[in-house]
Amino acid sequence: MTKTLNFFAFFSVTIISGQIKTDSTKTKDIAEVTVIARKPTIENKTDRTVFNVANSSILAGNTTWDVLRMTPLVSMDSNDNLLAEGESVSVYINDRKTVFTGKELKDYLKTIAADNLMKIEVITTPSARYEAAGPVINIVLKKLENEGTKGSVSLTNTQNTKNSQYANFNFNYHKKNFTETLTGGYSDNTQVMKNYNENFIYENNELTKIVTESTETGKSPSLSSSSELELNDKNNIGFIFEYSQTKRSSFSDAYGENFIGNNLQNFYAKTQSLTGLNKNLGSNLYYKYYDKEKNKILDLNAGINYSSVTDTNDHLINFSANNIPTGIRILADNQNRDYYFKADYSQPLGKTGSTLEFGGKSSYKNYVIPYDYYGLSGNNWVEDLSRSNDFQYLENLNSLYANFSKTFFKKLETRIGLRYEYIWFKVRQDIGNIEKTDSYGTFLPDFLVKYPISENTDLTATYKHNIWRPWYNEMNPFELPMDNGTYMRGNMNLDPNPNDRFSLKIGLYKKYFLTASYWYSNQDYWTTYFKDGDKTIQMEENFPGKVAKYGINFNTNQAFLKNKLNVNLSLNLNYTDNSDFNAQNNLKDAKDYFTNFGGSSNISYNNLFNKNININGWFGLFSQNFGNSYGNQMNFFHNISVTKIFPKTQMEASLQMYNIFQRPVFDITTYTQLGTFRNSTKDDWYGFSLTFIKRFGNQKVKENMKTNVEKDSGGSKE
């Protein structure tokens with residue numbers, strides 16, 4: 001599924017000045033001049049789209065995860081994996097890469113209150129500075145600008161299928177050369193989800209229908225601290241600490257029926273219950289040297305990240321053909337540790353307008369994932385040592401990069417980059433004493449060029465070679481039961497996915513942007529299914545074959561009514577050629593060619609009736625085709641919020657309504673050599689929430705310090 005949402009916006013500047021009246025007896029003083037500059041909500045830059053949310057009413061009552069769902073270019077699949085322009089992404093927070101993906105990333109970002117956001121950058125063509133993993137999402141948090149203290153406290157009540165509560169606080173202190181930021185929160189939320197599955201096996205016309213309803217609750221405290229000390233006007237040191245945990249429980253009921261042809265063979269009822277605790281801890285110690293006059297920057301970062309999962313997961317199944325219930329209990333105690341050191345340096349080259357940036361990173365991962373497997377014998381759980389297993393993933397990744405940017409003829413802006421990554425990894429499982437060690441190096445070039453055709457027209461071309469590597473969980477061969485009665489297993493033999501992307505972007509009057517793109521890959525790994533006895537097992541598998549995607553994106557931003565009404569519109573059309581991919585993998589019923597459409601709009605009105613009332617609406621219509629999976633319907637998303645601001649008391653009240661007209665359903669069919677597998681998930685992202693916010697102190701903030709190379713992406717401002 002591809003979604004594109006690019007916006008270019010406006011400045012609103014109001015100057016209030018006193019008049020001077022002079023006569024022979026008296027003179028009035030000049031009144032204070034106040035300049036109010038409002039940053040555009042959406043900025044289109046050469047290689048990225050910037051979503052400036054610092055002063056947006058969209059923040060009230062939301063978490064960082066919620067705002068990501070409404071960010072231009074960003075979408076997600078039914079497994080909560082973030083995508084940008086339909087491709088998997090790496091997520092950075094304040095330019096520091098997070099180690100979390102999928103559900104772990106979702107749980108972590110839901111602990112960060114959206115009120116702490118400055119902006120979200122969606123970098124579709126990242127420079128060599130960024131690690132190789134397709135597009136990049138960089139989440140930039142607020143930083144105090146003025147001396148003293150500021151902060152906020154917010155309380156939110158959300159009603160969807162069930163009721164949930166959230167409480168968050170932000171505290172910022174700055175004096176002379178020291179800055180401290182402290183944020184924390186607590187959530188008590190409940191999520192209800194409904195699933196429908198149809199698994200059809202070609203060989204014997206076997207059809208299994210499964211209906212599942214699950215409820216998950218989570219109690220999540222979180223705390224983060226950022227401390228920075230300015231040693232002098234050129235040297236800073238700082239330390240970032242982040243902690244969150246989720247005490248969760250879930251319960252589900254599933255009912256399955258199995259048919260051969262049109263004849264019912266058997267049926268089953270399954271209950272699943274889980275209790276567990278997830279912990280995430282991150283740290284970053286950094287030193288930054290910044291010579292503002294010479295624009296030289298040296299940035300050193302070192303850190304340790306830790307996460308753990310402790311679960312007890314019970315599955316009880318009653319089959320129609322067997323009066324004795326069967327049961328599986330899985331005990332997990334996963335421990336993940338990640339260590340890294342990173343160095344970045346940039347400086348201008350002479351007086352030619354050139355900039356050189358280079359650096360490197362070394363990281364080491366040690367993930368230990370033990371699973372204890374128990375079977376039900378009578379009323380007792382008995383461990384099956386032949387199926388219990390310890391899985392370990394070790395990785396050492398070292399990289400070096402260089403970017404060179406230069407403007408030729410005072411018009412032609414260029415950036416060329418090269419990154420080299422060398423990875424060594426080992427995967428090991430106890431059962432069978434199976435071990436695999438591998439290593440390889442990869443060169444990752446990128447190129448960007450921008451030329452102003454006229455005063456109101458500019459043209460930008462980009463190229464990027466990427467590589468997407470398997471996530472460690474996708475390589476774990478332990479067989480996990482799923483809530484609906486099927487199973488999931490990892491694959492130790494997954495190969496990385498190299499791919500290339502070209503794009504051509506034209507900007508007109510700094511309001512209208514049209515982008516054409518071409519993406520291709522000669523192999524990838526996707527979800528497939530196979531049968532093991534009477535069990536249906538889901539697994540990632542290598543798929544050879546070329547896939548080519550052609551895309552056209554149009555977006556514009558318009559301001560009306562003296563900049564009070566702001567409308568952003570984005571339209572996206574993608575055409576995918578899967579013919580070679582399907583032929584090489586014998587996907588006989590899959591579509592060789594298909595089209596994805598995406599359309600979305602963000603509409604905001606500020607200071608309605610001059611009563612400090614802000615209204616914001618986000619609307620999106622998207623298809624769901626990707627890889628060897630195809631959507632059975634389009635999804636319509638919408639989020640409408642109304643915020644009332646009380647300036648004298650620094651309070652806000654916000655009512656938010658999301659997907660109240662149509663509840664989103666992720667309905668896709670996956671095509672494999674074995675058969676077709678349909679999964680329809682009715683999400684719980686609908687309902688309304690009410691939020692109250694109390695602010696204190698001076699709310700002025702500034703962005704985290706960046707070099708011109710980082711801000712302008714190697715030579716372009718728009």
Side-chain angles (χ1 to χ4, degrees), residues 1-7 49 68-89 122 124-125 134-135 137 464 466 468 497 499-505 513-521 524 526-527 543 545-556 568-582 585 587 589-602 618-638 662 664-671 676-681 683:
M1 175 173 58
T2 302
K3 302 199 302 186
T4 303
L5 197 67
N6 294 330
F7 304 102
T49 297
L68 268 177
R69 302 176 83 153
M70 295 177 280
T71 297
L73 295 173
V74 176
S75 62
M76 58 193 66
D77 62 22
S78 56
N79 293 318
D80 292 325
N81 295 306
L82 286 172
L83 309 171
E85 292 191 328
E87 302 303 322
S88 299
V89 302
V122 183
T124 51
T125 310
I137 295 176
K464 176 75 173 178
N466 287 315
W468 185 263
N497 170 32
N499 55 84
D500 295 85
R501 184 182 187 272
F502 301 84
S503 71
L504 193 64
K505 177 179 177 181
F513 297 88
L514 184 66
T515 303
S517 62
Y518 173 69
W519 179 99
Y520 76 92
S521 176
D524 203 347
W526 290 100
T527 300
F543 281 80
K546 182 177 179 179
V547 175
K549 299 179 184 179
Y550 307 83
I552 297 178
N553 309 315
F554 170 78
N555 51 86
T556 184
N568 304 293
L569 175 65
S570 176
L571 299 174
N572 167 246
L573 187 66
N574 272 354
Y575 176 79
T576 300
D577 180 354
N578 259 13
S579 56
D580 184 64
F581 178 84
N582 292 340
N585 295 287
L587 305 180
D589 291 333
K591 300 177 183 178
D592 287 340
Y593 309 96
F594 60 87
T595 301
N596 278 347
F597 171 78
S600 57
S601 181
N602 188 290
W618 174 77
F619 308 90
L621 183 65
F622 306 108
S623 51
Q624 306 176 53
N625 303 309
F626 54 91
N628 58 329
S629 300
Y630 303 89
N632 299 308
Q633 67 179 60
M634 297 188 73
N635 257 338
F636 173 61
F637 297 93
H638 50 283
Q662 181 177 325
V665 176
F666 292 93
D667 192 341
I668 62 172
T669 298
T670 298
Y671 291 83
T676 62
F677 298 83
R678 179 186 176 189
N679 178 33
S680 179
T681 301
D683 204 324

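- Taking all atoms of both residues into account, the shortest heavy-atom contact from Ser503 to Thr515 is CB-CG2, 4.4 Å.
- For Asn585, the side chain to side chain donor-acceptor pair (under 3.5 Å) test picks out no residue, with sequence neighbours left out.
- Side-chain atoms of Met634 and Leu621, non-hydrogen and from C-beta on, do get closer than 4.5 Å to each other.
- Asn628 contributes a side-chain N or O that, together with a main-chain N or O of Thr527, makes up a donor-acceptor pair within less than 3.5 Å.
- The backbone N or O of Asn625 lies less than 3.5 Å from a partner atom in the side chain of Asn596, making a donor-acceptor pair.
- To the nearest 0.5 Å, atom CG of residue Asn574 and atom OG of residue Ser517 are 6.0 Å apart.
- Judged as a side-chain contact (heavy atoms from CB on, under 4.5 Å), and not counting sequence neighbours, the contacts of Ser629 are Phe626, Ile668, Thr670.
- Side-chain contact between Val547 and Thr576 is present, with heavy atoms from C-beta onward closer than 4.5 Å.
- To the nearest 0.5 Å, the span separating CG on Asp589 from OH on Tyr671 amounts to 6.5 Å.
- Nearest heavy-atom pair, Pro135 versus Thr124, reported as atom, atom and distance to 0.1 Å: CB-CA, 4.4 Å.
- With sequence neighbours excluded, no residue forms a ring-ring contact (aromatic ring centres under 6.0 Å, His included) with Tyr575.
- Side-chain contact between Val122 and Thr71 is present, with at least one heavy-atom pair separated by less than 4.5 Å.
- Among residues two or more places apart in sequence or in another chain, the side chain to side chain donor-acceptor pair (under 3.5 Å) test is passed with Thr595 by none.
- Defined by atom type and a distance below 3.5 Å, a donor-acceptor pair is present between the side-chain atoms of Ser579 and Asp577.
- Between Tyr630 and Asn578, some side-chain heavy-atom pair lies under the 4.5 Å cut-off.
- A heavy-atom distance below 4.5 Å is not found between the side chains of Phe581 and Ser521.
- Distance OG1/Thr556 to CZ/Phe513: 8.0 Å, rounded to 0.5 Å.
- Side-chain N/O atoms of Asn499 and Trp519 include a donor and acceptor closer than 3.5 Å.
- Of all heavy-atom pairs spanning Gly598 and Phe622, the tightest one is CA-CD2, 3.8 Å.
- The line from NE2 of His638 to CD of Gln662 is 7.5 Å long, rounded to the nearest 0.5 Å.
- Counting only N and O atoms by type, the side chains of Asn632 and Thr669 include a donor and acceptor under 3.5 Å apart.
- In terms of the side-chain contact (heavy atoms from CB on, under 4.5 Å) criterion, residue partners of Leu514 (sequence neighbours excluded) are, by chain and number, Ile506, Ile552, Phe554.
- Considering only residues two or more places apart in sequence or on other chains, Thr676 meets the side chain to side chain donor-acceptor pair (under 3.5 Å) condition with none of them.
- Applying the side-chain contact (heavy atoms from CB on, under 4.5 Å) criterion to Asp524, with sequence neighbours excluded, gives Asn497, Trp526.
- Gln624 and Phe666 make their closest contact through OE1-CA, 3.2 Å (heavy atoms, listed as atom of the first residue, atom of the second, distance).
- Ser680 meets the side chain to side chain donor-acceptor pair (under 3.5 Å) test with no other residue; sequence neighbours excluded.
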